[in-house]
Protein chains: 2
Amino acid sequence: MRADATDMPEFSPRQNAVLEQALRLLVEGGEKALTTSGLARAANCSKESLYKWFGDREGLLAAMIAHQASKVRTFERSGERLTADLLRDHLELFARDLLEVLAGDVSLALNRLAIGQATREGSKLGKLLLEHGRRQIDRRAMALIDQGKRAGLLRFDNADAAYHTLYGLIVSDLHVRMLLGEPGLKDNARQAERAVASFLTLHGTQKQSADVLGVSAGR
Amino acid sequence: MRADATDMPEFSPRQNAVLEQALRLLVEGGEKALTTSGLARAANCSKESLYKWFGDREGLLAAMIAHQASKVRTFERSGERLTADLLRDHLELFARDLLEVLAGDVSLALNRLAIGQATREGSKLGKLLLEHGRRQIDRRAMALIDQGKRAGLLRFDNADAAYHTLYGLIVSDLHVRMLLGEPGLKDNARQAERAVASFLTLHGTQKQSADVLGVSAGR
DNA sequence: CCTTTTGCGTACCGTACGGTACGGTTCTGC
DNA sequence: GCAGAACCGTACCGTACGGTACGCAAAAGG
(Lines give C-alpha, C1' and ligand atoms only; values in the text may rest on other atoms or scores of the structure.)
Protein backbone atom coordinates (compact mmCIF):
# COMPACT_ATOMS: atom_id res chain seq x y z
CA MET A 1 0.00 0.00 0.00
CA ARG A 2 1.50 3.28 -1.08
CA ALA A 3 1.61 5.98 1.55
CA ASP A 4 -0.81 8.84 1.02
CA ALA A 5 1.12 11.85 -0.08
CA THR A 6 -1.04 14.09 2.05
CA ASP A 7 -0.37 12.86 5.57
CA MET A 8 3.07 11.37 5.07
CA PRO A 9 5.51 13.84 3.58
CA GLU A 10 7.84 12.26 1.09
CA PHE A 11 11.23 13.74 0.58
CA SER A 12 13.00 15.10 -2.46
CA PRO A 13 15.60 12.92 -4.17
CA ARG A 14 18.32 15.10 -2.69
CA GLN A 15 16.88 14.69 0.78
CA ASN A 16 16.53 10.95 0.29
CA ALA A 17 20.20 10.79 -0.66
CA VAL A 18 21.07 12.63 2.53
CA LEU A 19 18.90 10.26 4.57
CA GLU A 20 20.65 7.34 2.91
CA GLN A 21 24.00 8.72 4.04
CA ALA A 22 22.58 9.21 7.52
CA LEU A 23 21.55 5.56 7.63
CA ARG A 24 24.98 4.53 6.44
CA LEU A 25 26.69 6.53 9.17
CA LEU A 26 24.32 5.11 11.76
CA VAL A 27 24.86 1.53 10.63
CA GLU A 28 28.61 1.87 10.50
CA GLY A 29 29.28 3.71 13.71
CA GLY A 30 26.18 3.69 15.87
CA GLU A 31 24.42 6.71 17.26
CA LYS A 32 27.56 8.55 18.26
CA ALA A 33 28.73 8.50 14.64
CA LEU A 34 25.57 10.24 13.46
CA THR A 35 26.37 13.89 14.11
CA THR A 36 25.06 16.83 12.15
CA SER A 37 28.56 17.88 11.18
CA GLY A 38 29.49 14.37 10.16
CA LEU A 39 26.34 13.93 8.12
CA ALA A 40 26.83 17.27 6.39
CA ARG A 41 30.36 16.25 5.49
CA ALA A 42 29.39 12.76 4.33
CA ALA A 43 26.42 13.95 2.29
CA ASN A 44 28.09 17.08 0.89
CA CYS A 45 25.45 19.38 2.21
CA SER A 46 25.42 22.13 4.80
CA LYS A 47 24.25 21.85 8.35
CA GLU A 48 21.92 24.72 7.64
CA SER A 49 20.15 22.67 4.99
CA LEU A 50 19.78 19.79 7.41
CA TYR A 51 18.01 22.00 9.92
CA LYS A 52 15.92 23.59 7.21
CA TRP A 53 14.76 20.21 5.91
CA PHE A 54 14.33 18.23 9.10
CA GLY A 55 13.91 20.82 11.82
CA ASP A 56 16.20 19.38 14.45
CA ARG A 57 18.00 16.18 15.26
CA GLU A 58 14.88 14.32 16.34
CA GLY A 59 13.19 15.35 13.10
CA LEU A 60 16.13 13.91 11.23
CA LEU A 61 15.85 10.62 13.09
CA ALA A 62 12.13 10.47 12.42
CA ALA A 63 12.75 11.18 8.76
CA MET A 64 15.28 8.36 8.66
CA ILE A 65 12.72 5.95 10.04
CA ALA A 66 10.07 7.11 7.58
CA HIS A 67 12.54 6.88 4.73
CA GLN A 68 13.58 3.36 5.64
CA ALA A 69 9.97 2.26 6.10
CA SER A 70 9.09 3.62 2.67
CA LYS A 71 11.66 1.27 1.17
CA VAL A 72 10.30 -1.88 2.78
CA ARG A 73 6.96 -2.46 1.17
CA THR A 74 5.29 -5.80 1.60
CA PHE A 75 3.11 -7.12 -1.16
CA GLU A 76 -0.30 -8.45 -0.31
CA ARG A 77 -0.54 -11.76 -2.04
CA SER A 78 -4.09 -12.87 -1.39
CA GLY A 79 -6.88 -14.54 -3.25
CA GLU A 80 -5.48 -17.94 -4.08
CA ARG A 81 -7.18 -20.92 -2.55
CA LEU A 82 -5.26 -22.14 0.48
CA THR A 83 -4.21 -25.72 1.02
CA ALA A 84 -2.36 -27.06 4.02
CA ASP A 85 0.90 -27.21 2.10
CA LEU A 86 0.39 -23.75 0.68
CA LEU A 87 -0.34 -22.34 4.11
CA ARG A 88 2.78 -23.92 5.47
CA ASP A 89 4.83 -22.53 2.60
CA HIS A 90 3.48 -19.04 3.12
CA LEU A 91 4.04 -19.22 6.85
CA GLU A 92 7.61 -20.32 6.34
CA LEU A 93 8.19 -17.60 3.81
CA PHE A 94 6.84 -15.10 6.28
CA ALA A 95 9.10 -16.48 8.99
CA ARG A 96 12.17 -16.29 6.79
CA ASP A 97 11.31 -12.75 5.71
CA LEU A 98 10.75 -11.71 9.31
CA LEU A 99 14.08 -13.14 10.44
CA GLU A 100 15.83 -11.51 7.53
CA VAL A 101 14.28 -8.12 8.21
CA LEU A 102 15.06 -8.22 11.92
CA ALA A 103 18.66 -9.22 11.23
CA GLY A 104 19.20 -6.44 8.71
CA ASP A 105 21.88 -3.89 9.49
CA VAL A 106 19.61 -0.90 9.06
CA SER A 107 16.79 -2.42 11.09
CA LEU A 108 19.14 -3.26 13.94
CA ALA A 109 20.73 0.18 13.87
CA LEU A 110 17.39 1.99 13.91
CA ASN A 111 16.07 -0.20 16.70
CA ARG A 112 19.22 0.42 18.71
CA LEU A 113 18.82 4.13 18.17
CA ALA A 114 15.17 4.21 19.25
CA ILE A 115 15.80 1.94 22.22
CA GLY A 116 18.74 4.04 23.31
CA GLN A 117 16.52 7.12 23.32
CA ALA A 118 13.61 5.46 25.11
CA THR A 119 12.89 6.00 28.77
CA ARG A 120 10.29 4.68 31.17
CA GLU A 121 7.74 7.18 29.93
CA GLY A 122 7.95 5.94 26.37
CA SER A 123 9.64 7.24 23.30
CA LYS A 124 8.47 9.13 20.28
CA LEU A 125 10.99 7.30 18.15
CA GLY A 126 9.97 3.94 19.55
CA LYS A 127 6.33 4.56 18.68
CA LEU A 128 7.32 5.64 15.19
CA LEU A 129 9.46 2.58 14.69
CA LEU A 130 6.78 0.19 15.87
CA GLU A 131 4.12 1.80 13.74
CA HIS A 132 6.08 2.24 10.55
CA GLY A 133 8.27 -0.81 10.69
CA ARG A 134 5.92 -3.27 12.24
CA ARG A 135 2.49 -2.54 10.87
CA GLN A 136 3.35 -3.88 7.45
CA ILE A 137 4.67 -7.20 8.64
CA ASP A 138 1.92 -7.56 11.24
CA ARG A 139 -0.77 -7.05 8.63
CA ARG A 140 0.77 -9.59 6.32
CA ALA A 141 0.90 -12.23 9.03
CA MET A 142 -2.55 -11.48 10.38
CA ALA A 143 -4.05 -11.68 6.92
CA LEU A 144 -2.33 -15.00 6.39
CA ILE A 145 -3.44 -16.70 9.58
CA ASP A 146 -6.92 -15.26 9.20
CA GLN A 147 -7.07 -16.74 5.74
CA GLY A 148 -5.87 -20.03 7.19
CA LYS A 149 -8.66 -20.00 9.70
CA ARG A 150 -11.33 -19.22 7.11
CA ALA A 151 -10.01 -22.11 5.04
CA GLY A 152 -10.42 -24.39 8.04
CA LEU A 153 -6.70 -25.01 8.31
CA LEU A 154 -6.09 -23.15 11.55
CA ARG A 155 -8.03 -22.90 14.78
CA PHE A 156 -7.76 -20.22 17.44
CA ASP A 157 -10.01 -17.92 19.39
CA ASN A 158 -7.83 -14.86 19.43
CA ALA A 159 -5.99 -13.99 16.24
CA ASP A 160 -3.73 -11.56 18.04
CA ALA A 161 -2.69 -14.18 20.56
CA ALA A 162 -2.10 -16.71 17.80
CA TYR A 163 0.05 -14.23 15.92
CA HIS A 164 2.10 -13.46 18.99
CA THR A 165 2.61 -17.17 19.47
CA LEU A 166 3.86 -17.47 15.92
CA TYR A 167 6.11 -14.46 16.37
CA GLY A 168 7.58 -15.83 19.59
CA LEU A 169 8.23 -19.22 18.02
CA ILE A 170 10.02 -17.60 15.12
CA VAL A 171 12.07 -14.98 16.91
CA SER A 172 12.40 -16.12 20.53
CA ASP A 173 15.09 -13.97 22.14
CA LEU A 174 17.06 -13.66 18.92
CA HIS A 175 16.08 -10.05 18.26
CA VAL A 176 17.28 -8.79 21.63
CA ARG A 177 20.46 -10.83 21.35
CA MET A 178 21.23 -9.31 17.98
CA LEU A 179 20.43 -5.85 19.32
CA LEU A 180 22.98 -6.51 22.04
CA GLY A 181 25.58 -7.30 19.42
CA GLU A 182 25.46 -11.08 19.10
CA PRO A 183 25.65 -12.57 15.62
CA GLY A 184 22.48 -13.88 14.02
CA LEU A 185 21.48 -17.42 13.18
CA LYS A 186 23.48 -19.58 10.85
CA ASP A 187 20.37 -20.91 9.18
CA ASN A 188 17.25 -18.79 9.17
CA ALA A 189 15.40 -21.28 7.00
CA ARG A 190 15.79 -24.08 9.51
CA GLN A 191 14.54 -21.89 12.32
CA ALA A 192 11.59 -20.87 10.15
CA GLU A 193 10.72 -24.51 9.52
CA ARG A 194 10.84 -25.41 13.17
CA ALA A 195 8.78 -22.42 14.22
CA VAL A 196 6.07 -23.04 11.64
CA ALA A 197 5.95 -26.73 12.48
CA SER A 198 5.41 -25.86 16.13
CA PHE A 199 2.81 -23.28 15.25
CA LEU A 200 0.89 -25.77 13.14
CA THR A 201 1.08 -28.32 15.93
CA LEU A 202 -0.53 -25.78 18.24
CA HIS A 203 -3.06 -24.21 15.90
CA GLY A 204 -3.31 -26.43 12.83
CA THR A 205 -6.32 -28.63 12.20
CA GLN A 206 -4.37 -31.44 10.59
CA LYS A 207 -1.94 -33.89 12.13
CA GLN A 208 1.59 -32.60 11.79
CA SER A 209 4.43 -34.88 10.79
CA ALA A 210 6.56 -33.23 13.46
CA ASP A 211 9.77 -34.73 12.17
CA VAL A 212 11.32 -31.31 11.94
CA LEU A 213 10.30 -30.63 15.49
CA GLY A 214 12.64 -33.21 16.90
CA VAL A 215 10.08 -34.91 19.09
CA SER A 216 9.27 -37.99 17.07
CA ALA A 217 12.46 -39.93 17.67
CA GLY A 218 11.34 -40.47 21.22
CA ARG A 219 14.81 -39.94 22.60
CA MET B 1 26.24 -19.96 43.02
CA ARG B 2 28.23 -17.30 44.77
CA ALA B 3 30.73 -15.49 42.60
CA ASP B 4 34.32 -16.36 43.30
CA ALA B 5 35.93 -13.45 45.09
CA THR B 6 39.06 -13.92 43.07
CA ASP B 7 37.91 -13.34 39.52
CA MET B 8 34.87 -11.16 40.17
CA PRO B 9 35.67 -8.13 42.29
CA GLU B 10 32.94 -7.25 44.70
CA PHE B 11 32.58 -3.67 45.75
CA SER B 12 32.73 -1.95 49.10
CA PRO B 13 29.46 -0.85 50.74
CA ARG B 14 30.26 2.71 49.83
CA GLN B 15 30.83 1.77 46.22
CA ASN B 16 27.65 -0.27 46.18
CA ALA B 17 25.74 2.76 47.42
CA VAL B 18 27.23 4.81 44.61
CA LEU B 19 26.30 2.13 42.08
CA GLU B 20 22.78 2.16 43.48
CA GLN B 21 22.55 5.87 42.86
CA ALA B 22 23.92 5.35 39.37
CA LEU B 23 21.17 2.82 38.66
CA ARG B 24 18.58 5.24 40.01
CA LEU B 25 19.79 8.01 37.73
CA LEU B 26 19.83 5.65 34.77
CA VAL B 27 16.32 4.39 35.44
CA GLU B 28 14.89 7.85 35.95
CA GLY B 29 16.48 9.68 33.08
CA GLY B 30 18.07 7.23 30.71
CA GLU B 31 21.66 7.23 29.58
CA LYS B 32 21.92 10.96 29.12
CA ALA B 33 21.04 11.47 32.79
CA LEU B 34 23.93 9.30 33.91
CA THR B 35 26.84 11.73 33.85
CA THR B 36 29.89 11.57 36.06
CA SER B 37 29.14 15.01 37.48
CA GLY B 38 25.51 14.11 38.08
CA LEU B 39 26.41 10.85 39.75
CA ALA B 40 29.01 12.52 41.96
CA ARG B 41 26.40 15.05 43.02
CA ALA B 42 23.67 12.47 43.60
CA ALA B 43 25.91 10.08 45.50
CA ASN B 44 27.80 12.74 47.45
CA CYS B 45 31.13 11.62 46.23
CA SER B 46 33.82 13.19 44.09
CA LYS B 47 34.42 12.55 40.45
CA GLU B 48 37.97 11.69 41.33
CA SER B 49 36.75 8.79 43.47
CA LEU B 50 34.56 7.56 40.64
CA TYR B 51 37.53 7.34 38.32
CA LYS B 52 39.68 5.81 41.03
CA TRP B 53 37.11 3.08 41.72
CA PHE B 54 35.82 2.29 38.26
CA GLY B 55 38.53 3.48 35.90
CA ASP B 56 36.40 5.24 33.33
CA ARG B 57 32.82 5.53 32.25
CA GLU B 58 32.69 2.10 30.67
CA GLY B 59 34.11 0.60 33.83
CA LEU B 60 31.34 2.29 35.75
CA LEU B 61 28.71 0.84 33.46
CA ALA B 62 30.24 -2.61 33.76
CA ALA B 63 30.28 -2.27 37.52
CA MET B 64 26.61 -1.31 37.47
CA ILE B 65 25.77 -4.47 35.55
CA ALA B 66 27.83 -6.63 37.90
CA HIS B 67 26.25 -4.94 40.89
CA GLN B 68 22.74 -5.47 39.61
CA ALA B 69 23.46 -9.09 38.69
CA SER B 70 24.82 -9.73 42.18
CA LYS B 71 21.42 -8.75 43.57
CA VAL B 72 19.42 -11.15 41.44
CA ARG B 73 20.33 -14.57 42.67
CA THR B 74 18.16 -17.49 41.66
CA PHE B 75 17.76 -20.38 44.02
CA GLU B 76 18.26 -23.88 42.71
CA ARG B 77 15.28 -25.80 43.94
CA SER B 78 16.00 -29.32 42.86
CA GLY B 79 15.66 -32.78 44.24
CA GLU B 80 11.95 -33.17 44.69
CA ARG B 81 10.21 -35.80 42.62
CA LEU B 82 8.46 -34.22 39.63
CA THR B 83 4.87 -34.84 38.72
CA ALA B 84 3.08 -33.40 35.72
CA ASP B 85 1.28 -30.84 37.87
CA LEU B 86 4.45 -29.94 39.71
CA LEU B 87 6.31 -29.47 36.46
CA ARG B 88 3.58 -27.23 35.15
CA ASP B 89 3.63 -25.19 38.36
CA HIS B 90 7.38 -24.76 38.19
CA LEU B 91 7.27 -23.80 34.55
CA GLU B 92 4.58 -21.23 35.20
CA LEU B 93 6.52 -19.84 38.14
CA PHE B 94 9.56 -19.57 35.91
CA ALA B 95 7.52 -17.84 33.24
CA ARG B 96 6.08 -15.33 35.71
CA ASP B 97 9.52 -14.64 37.18
CA LEU B 98 10.99 -14.19 33.73
CA LEU B 99 8.30 -11.73 32.70
CA GLU B 100 8.69 -9.84 35.95
CA VAL B 101 12.45 -9.60 35.61
CA LEU B 102 12.32 -8.44 31.99
CA ALA B 103 9.72 -5.80 32.84
CA GLY B 104 11.73 -4.45 35.76
CA ASP B 105 12.81 -0.83 35.56
CA VAL B 106 16.46 -1.56 36.20
CA SER B 107 16.57 -4.45 33.75
CA LEU B 108 14.99 -2.35 31.02
CA ALA B 109 17.30 0.58 31.70
CA LEU B 110 20.44 -1.56 31.61
CA ASN B 111 19.35 -3.32 28.45
CA ARG B 112 18.59 0.03 26.83
CA LEU B 113 22.02 1.25 27.83
CA ALA B 114 23.86 -1.78 26.47
CA ILE B 115 21.81 -1.83 23.27
CA GLY B 116 22.40 1.87 22.75
CA GLN B 117 26.14 1.28 22.97
CA ALA B 118 26.16 -1.78 20.73
CA THR B 119 27.28 -1.66 17.12
CA ARG B 120 27.53 -4.22 14.36
CA GLU B 121 30.81 -5.52 15.72
CA GLY B 122 29.32 -6.38 19.06
CA SER B 123 29.44 -4.74 22.43
CA LYS B 124 31.40 -5.35 25.56
CA LEU B 125 28.44 -4.24 27.62
CA GLY B 126 26.06 -6.46 25.69
CA LYS B 127 28.21 -9.50 26.32
CA LEU B 128 28.42 -8.65 29.99
CA LEU B 129 24.68 -8.19 30.25
CA LEU B 130 23.90 -11.47 28.52
CA GLU B 131 26.39 -13.39 30.62
CA HIS B 132 25.61 -11.91 33.99
CA GLY B 133 21.92 -11.33 33.65
CA ARG B 134 20.95 -14.27 31.56
CA ARG B 135 23.06 -17.16 32.73
CA GLN B 136 21.21 -17.46 36.00
CA ILE B 137 17.77 -17.63 34.50
CA ASP B 138 18.92 -19.86 31.66
CA ARG B 139 20.40 -22.36 34.08
CA ARG B 140 17.26 -22.46 36.13
CA ALA B 141 15.08 -23.16 33.10
CA MET B 142 17.46 -25.67 31.58
CA ALA B 143 17.68 -27.58 34.84
CA LEU B 144 13.91 -27.60 35.05
CA ILE B 145 13.18 -28.92 31.58
CA ASP B 146 16.04 -31.38 31.84
CA GLN B 147 14.52 -32.67 35.05
CA GLY B 148 11.18 -32.89 33.28
CA LYS B 149 12.71 -35.00 30.55
CA ARG B 150 14.41 -37.35 33.00
CA ALA B 151 11.08 -37.76 34.76
CA GLY B 152 9.50 -38.77 31.44
CA LEU B 153 7.24 -35.71 31.40
CA LEU B 154 8.89 -33.89 28.51
CA ARG B 155 10.30 -35.02 25.20
CA PHE B 156 12.74 -33.22 22.97
CA ASP B 157 15.99 -33.88 21.17
CA ASN B 158 17.68 -30.58 21.74
CA ALA B 159 17.32 -29.03 25.16
CA ASP B 160 18.57 -25.68 23.92
CA ALA B 161 15.99 -25.58 21.15
CA ALA B 162 13.25 -26.59 23.56
CA TYR B 163 14.27 -23.83 25.95
CA HIS B 164 14.27 -21.26 23.19
CA THR B 165 10.79 -22.42 22.25
CA LEU B 166 9.67 -21.94 25.82
CA TYR B 167 11.31 -18.54 25.98
CA GLY B 168 9.68 -17.41 22.75
CA LEU B 169 6.26 -18.59 23.86
CA ILE B 170 6.61 -16.67 27.12
CA VAL B 171 8.14 -13.44 25.88
CA SER B 172 7.27 -13.16 22.19
CA ASP B 173 8.07 -9.60 21.12
CA LEU B 174 7.17 -8.16 24.52
CA HIS B 175 10.77 -7.51 25.56
CA VAL B 176 11.59 -5.42 22.51
CA ARG B 177 8.29 -3.56 22.78
CA MET B 178 9.02 -2.65 26.39
CA LEU B 179 12.55 -1.63 25.47
CA LEU B 180 11.01 0.70 22.90
CA GLY B 181 8.89 2.29 25.60
CA GLU B 182 5.59 0.43 25.38
CA PRO B 183 3.87 -0.55 28.63
CA GLY B 184 4.07 -4.14 29.77
CA LEU B 185 1.34 -6.74 30.05
CA LYS B 186 -1.72 -6.27 32.20
CA ASP B 187 -1.58 -9.85 33.40
CA ASN B 188 1.73 -11.66 33.44
CA ALA B 189 0.18 -14.71 35.08
CA ARG B 190 -2.25 -15.28 32.24
CA GLN B 191 0.51 -15.01 29.67
CA ALA B 192 2.59 -17.46 31.72
CA GLU B 193 -0.27 -19.95 31.75
CA ARG B 194 -0.83 -19.74 28.03
CA ALA B 195 2.87 -20.06 27.24
CA VAL B 196 3.36 -23.09 29.47
CA ALA B 197 0.22 -24.75 28.11
CA SER B 198 1.55 -24.32 24.58
CA PHE B 199 4.96 -25.57 25.58
CA LEU B 200 3.47 -28.69 27.16
CA THR B 201 1.37 -29.29 24.07
CA LEU B 202 4.55 -29.24 22.02
CA HIS B 203 6.91 -31.08 24.33
CA GLY B 204 4.81 -32.72 27.02
CA THR B 205 4.23 -36.46 27.08
CA GLN B 206 0.70 -36.24 28.44
CA LYS B 207 -2.44 -35.00 26.77
CA GLN B 208 -2.98 -31.33 27.58
CA SER B 209 -6.41 -30.01 28.46
CA ALA B 210 -5.70 -26.99 26.27
CA ASP B 211 -8.64 -25.04 27.61
CA VAL B 212 -6.36 -22.16 28.46
CA LEU B 213 -4.97 -22.26 24.96
CA GLY B 214 -8.21 -21.22 23.39
CA VAL B 215 -8.27 -23.95 20.78
CA SER B 216 -10.74 -26.38 22.30
CA ALA B 217 -13.92 -24.50 21.55
CA GLY B 218 -13.59 -25.53 17.95
CA ARG B 219 -14.73 -22.15 16.75
C1' DC C 1 20.11 38.78 -18.92
C1' DC C 2 19.00 39.75 -14.51
C1' DT C 3 16.73 38.51 -10.13
C1' DT C 4 15.44 35.37 -6.70
C1' DT C 5 15.85 31.16 -4.50
C1' DT C 6 18.28 27.33 -2.97
C1' DG C 7 21.94 25.38 -0.94
C1' DC C 8 27.03 24.61 0.00
C1' DG C 9 31.11 25.52 2.95
C1' DT C 10 32.83 27.57 6.82
C1' DA C 11 33.14 29.95 10.82
C1' DC C 12 31.13 30.69 15.06
C1' DC C 13 28.59 30.24 19.74
C1' DG C 14 27.04 28.28 24.02
C1' DT C 15 26.89 24.28 26.46
C1' DA C 16 27.87 20.08 28.57
C1' DC C 17 30.45 16.22 28.74
C1' DG C 18 34.62 13.03 30.27
C1' DG C 19 38.51 13.32 32.68
C1' DT C 20 42.23 15.68 35.82
C1' DA C 21 44.20 18.54 39.55
C1' DC C 22 44.17 20.45 44.04
C1' DG C 23 43.13 22.08 48.73
C1' DG C 24 40.75 20.82 52.71
C1' DT C 25 38.53 17.21 55.64
C1' DT C 26 37.48 12.87 57.59
C1' DC C 27 38.71 8.29 58.58
C1' DT C 28 42.22 4.54 59.83
C1' DG C 29 46.12 2.15 61.76
C1' DC C 30 49.49 2.29 65.14
C1' DG D 1 47.44 11.56 69.40
C1' DC D 2 49.51 11.47 65.13
C1' DA D 3 50.92 10.27 60.37
C1' DG D 4 49.11 8.76 56.17
C1' DA D 5 45.64 7.34 53.30
C1' DA D 6 41.11 7.91 51.52
C1' DC D 7 37.87 10.99 50.09
C1' DC D 8 34.94 15.14 49.27
C1' DG D 9 33.90 19.54 46.86
C1' DT D 10 35.14 22.39 43.43
C1' DA D 11 37.48 24.37 39.97
C1' DC D 12 39.49 23.54 35.68
C1' DC D 13 40.75 21.75 30.80
C1' DG D 14 40.09 20.15 26.14
C1' DT D 15 36.84 18.62 23.16
C1' DA D 16 32.84 17.89 20.54
C1' DC D 17 28.25 18.41 20.06
C1' DG D 18 23.64 20.88 18.44
C1' DG D 19 22.27 24.79 16.43
C1' DT D 20 22.91 29.58 14.04
C1' DA D 21 24.88 33.15 10.94
C1' DC D 22 27.05 34.63 6.81
C1' DG D 23 29.31 34.87 2.25
C1' DC D 24 29.13 33.10 -2.14
C1' DA D 25 28.09 29.94 -6.10
C1' DA D 26 24.74 27.78 -8.86
C1' DA D 27 20.27 26.86 -10.41
C1' DA D 28 15.36 28.54 -11.46
C1' DG D 29 12.34 31.56 -13.44
C1' DG D 30 10.55 35.38 -15.90
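All chains are named by letter (A, B, ...) in the order of the sequence lines, taking the proteins before the strands, and each is independently numbered beginning at 1. Nothing here was measured: the structure is a model prediction, and the numbers come from that model. Reckoned from all heavy atoms, side chains included, excluding hydrogens, waters and symmetry mates.
- Other residues, nucleotides and ligands contribute more than 12 heavy atoms inside 6.0 Å of the CZ atom of A:Arg14.
- Remark: A:Asn44, A:Cys45, A:Ser46, A:Glu48, A:Ser49 in residues 39-50 of chain A come within less than 4.0 Å of DNA chain C through at least one heavy atom.
- The aromatic rings of A:Tyr167 and A:Tyr163 sit perpendicular to each other, their planes meeting at more than 60°, with 30° as the lower class boundary.
- Residue order along DNA chain D, read from the 5' end via each residue's closest nucleotide, puts B:Lys52 first among A:Thr36 and B:Lys52.
- Heavy-atom contacts from other residues, nucleotides or ligands closer than 6.0 Å to NZ of A:Lys186 number 12 or fewer.
- When the shell of 6.0 Å around CD of B:Glu100 is examined, it contains 12 or fewer heavy atoms from other residues, nucleotides or ligands.
- Nearest approach of A:Leu154 to A:Ile145, heavy atoms of both residues: CD1-O, 3.6 Å.
- Scanning DNA chain C 5' to 3' for nucleotides with an atom closer than 4.0 angstrom to a non-hydrogen atom of chain B gives a first and last hit of C:dC17 to C:dC22.
- Closest approach of A:Leu39 to A:Leu25, counting heavy atoms only: CA-CD1, 3.7 Å.
- Contact check of residues 12-34 of chain B against DNA chain D (heavy atom, cut-off under 4.0 Å) returns B:Arg14.
- Closest of all the heavy-atom pairs between B:His132 and B:Ala69 is CB-CB, 3.7 Å.
- Between the side chain of A:Asp146 and the backbone N or O of A:Met142 there is no donor-acceptor pair closer than 3.5 Å.
- Residue B:Arg96 comes nearest to B:Ala192 through the heavy atom pair CG-CB, 3.6 Å, listed as atom of the first residue, atom of the second, then distance.
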- side chain to side chain donor-acceptor pair (under 3.5 Å) between A:Gln147 and A:Arg150: does it pass, once the steps are laid out? CA-CA 5 Å; A:Gln147 213 179 338; A:Arg150 282 201 309 275; 5.6 Å; no
